[in-house]
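Below: one structure, written as structure tokens.
In this text, all values refer to a predicted model and were calculated from it rather than measured experimentally.
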Amino acid sequence: MLHHTPAVVAERKALRINPAKTCQPVGAMYAALGIHRCLPHSHGSQGCCAYHRSHLTRHYREPVMASTSSFTEGASVFGGAPNLRQALATIFDVYDPDVVAIHTTCLSETIGDDIPSILKKAAADGIIPQGKRVFHANTPSYVGSHVTGFANMVRAMVETFPVPAAERMEAVNLIPGYVEPSDMREVKHLAKMLGVDARVFPDTSGVLDAPQTASFRMYPSGGTPVSVLERLGQSRLTVALGPTASEPAARFLEAAHGVPCRVLDLPIGLRATDRFVQTLLEDAGGALSPELNDERGRLVDLMTDMHAHLHGKRVALWGDPDPVVSLTEFLADLGMKPVCVLTGTPGKRFELRVRGILKKTAPRAVVGAGADLFFLHQVVKKEPVDLLIGNTYGKYIARAEDVPHVRFGWPILDRVGHAHFPTLGYRGGLYLLTRIVNTLLERADRDAPDEELELVL
């Protein structure tokens, strides 16, 4: 399919080919699903909402519930206020959520709908019932990426729900970032192992990895309850995992409610997880358990055992900025050489962070933000690699260049398990490292001549 991609890189300023990102409302919808009994609402056309829902459904293999203002040509010209008012009336009458989280689309942003004024009038007119909560985030599709949309929605949560704190409590706010439900479970597991009372938000575990019970539930049991969101301003500390996805909300809590924050990398791999654990030990009053120390030891043991199979392997990786930064560090610790590291989300911060990680391991690595997979393919054609690590859209490059491919990040549309097995924490590191090593070993077996096809490697 991509055999005719040219190796010569031409400068492109106004064109993205196979971008390594999607639009803000997807991330905003995913974040909203992390609130218990919350219905995400897309203020735009039906087509936008259908795309966002289907993309999330294909990744998580779970039905994604969301509503839409169903813009028509008339709403596009005269504004979407009547559509939103009618939508809210129908939502509360038929679906009865506790929370409606509205995100805008490029169309409603372009025409300039004043969402706060519309919601204020709807509440005054009794369209929003007493005790129900409606809030919104501005998520124009033509700015940033799905990670930006996630960050904007999470910040909107802390702008809306926390109430002024009369006193501080020992609880710690944990913002897990744009990660899988399994990773949010792992964050809670690490906090529990350290004896930390964690308020994790948003939390899609139990929502997008809900069990099959043979009965329909409009709102699964998971998600962060509103009662927890209201107490975020009373916590002693906020730990934001991933600066791109989580820092804006943490900074707002610090400025508005006086809750100090620590911004860390996503705990992918050994060192990043160590920093997370150390923060909870030192700043949150946690205590290291023998069981958690054993989890770390098992990851170190596997890293040591598999070093011979990984040392010097050249890797190209791409994805969202926060997980890619931590993964780059993990790969470098494994002795591998990340020679091409890209994200589709714009931002110089990513490039500076990755170059700092690779200054000794791979100082000549190609590092780019706001990049696309066409460019990655061109780099790989010029500088061949041993492994590709990234989302499903890299499979065409993998086939064209005959390079093994480990699925990682978002979206993964052609494999299963990512919503159920974490990549965060020590246990997630074991799972991720196992997939990387086994993928390389499978390729070694495939390419080995008969006399070198070993039973034990």
Side-chain angles (χ1 to χ4, degrees), residues 264-278 293-319 321-343 350-368 376 379-380 382-390 394 397-398 401-409 421-448 452 454 456-457:
L264 306 176
D265 293 325
L266 279 176
I268 296 174
L270 183 66
R271 281 198 287 167
T273 305
D274 282 349
R275 291 193 292 270
F276 174 58
V277 169
Q278 196 67 32
N293 202 44
D294 287 347
E295 286 184 14
R296 184 183 188 276
R298 283 188 282 271
L299 175 58
V300 173
D301 182 63
L302 187 63
M303 291 172 65
T304 305
D305 290 345
M306 295 298 105
H307 187 266
H309 298 293
L310 301 174
H311 180 72
K313 296 294 185 183
R314 295 166 57 85
V315 188
L317 62 150
W318 68 95
D322 295 338
V324 167
V325 164
S326 298
L327 179 59
T328 300
E329 181 182 61
F330 188 35
L331 295 177
D333 289 344
L334 293 171
M336 305 179 82
K337 289 187 177 295
V339 296
C340 182
V341 184
L342 304 178
T343 181
F350 170 83
E351 296 184 24
L352 292 173
R353 183 77 176 87
V354 172
R355 291 190 189 281
I357 293 171
L358 297 179
K359 61 184 178 182
K360 293 182 179 179
T361 304
R364 298 176 57 194
V366 176
V367 180
L376 181 136
V379 173
V380 169
K382 291 178 65 177
E383 300 287 341
V385 297
D386 301 298
L387 185 66
L388 296 171
I389 304 180
I397 301 173
E401 302 305 319
D402 194 25
V403 179
H405 176 201
V406 173
R407 270 69 169 175
F408 173 85
F421 298 98
T423 56
L424 266 58
Y426 301 122
R427 298 192 303 186
L430 274 173
Y431 174 63
L432 180 57
L433 177 54
T434 299
R435 288 167 54 209
I436 290 171
V437 172
N438 284 342
T439 300
L440 290 171
L441 293 179
E442 286 170 4
R443 176 52 59 96
D445 280 349
R446 193 204 74 172
D447 294 344
E452 294 179 11
E454 299 291 345
V456 179
L457 292 173

Quick one: does any side-chain atom of [X] pair with a main-chain N or O of [Y] as donor and acceptor, under 3.5 Å?
X      : Y      : value
Ser326 : Leu266 : yes
Arg314 : Pro384 : yes
Thr361 : Lys337 : no

Atom [atom1] in [X], atom [atom2] in [Y]: separation rounded to 0.5 Å?
X      : Y      : atom1 : atom2 : result
Leu432 : Ile389 : CG    : CD1   : 7.0 Å
Leu317 : Leu331 : CG    : CG    : 6.0 Å
Glu329 : Arg275 : CD    : CZ    : 4.0 Å
Ile436 : Leu441 : CD1   : CG    : 12.0 Å
Leu433 : Leu302 : CG    : CG    : 4.0 Å
Leu299 : Phe330 : CG    : CZ    : 5.0 Å

Mind listing the closest non-hydrogen atom pair of [X] and [Y] along with its distance?
X      : Y      : value
Pro267 : Phe276 : CB-CB, 4.0 Å
Pro363 : Lys359 : CB-O, 3.4 Å
Leu388 : Gly394 : CD1-O, 4.2 Å
Pro404 : Thr439 : CB-CG2, 3.7 Å
Asp445 : Glu454 : OD1-O, 4.5 Å
His405 : Gly390 : NE2-O, 3.1 Å

State, with a plain yes or no, whether a side-chain heavy atom of [X] is found less than 4.5 Å away from one of [Y].
X      : Y      : value
Cys340 : Val380 : no
Val354 : Val325 : yes
Lys313 : Leu387 : no
Ile397 : Trp318 : no
Val324 : Thr343 : no
His309 : Leu440 : no

Exactly one of Val315, Thr328, Leu327 clears side chain to side chain contact (heavy atoms under 4.5 Å, CB included) with Val341, and that residue is Thr328

Inspect the surroundings of CZ in Arg446 and state if more than 12 heavy atoms from other residues, nucleotides or ligands are less than 6.0 Å away.
yes

Would you find more than 12 non-hydrogen atoms of other residues, nucleotides or ligands less than 6.0 Å from His311 atom NE2?
no

Using the rule given for salt bridge (charged side-chain N to carboxylate O under 4.0 Å, His left out), can you reason through Asp274 versus Arg296, listing the C-alpha separation, both sets of side-chain angles and the distance that settles it, and then say yes or no?
CA-CA 9 Å; Asp274 282 349; Arg296 184 183 188 276; 2.8 Å; yes

Electrostatic pair Asp386:Arg443 at N-O distance under 4.0 angstrom:
no

Kindly indicate, with the supporting measurements, whether the criterion side chain to side chain contact (heavy atoms under 4.5 Å, CB included) is fulfilled by Asp333 and Arg271.
CA-CA 8 Å; Asp333 289 344; Arg271 281 198 287 167; 2.9 Å; yes

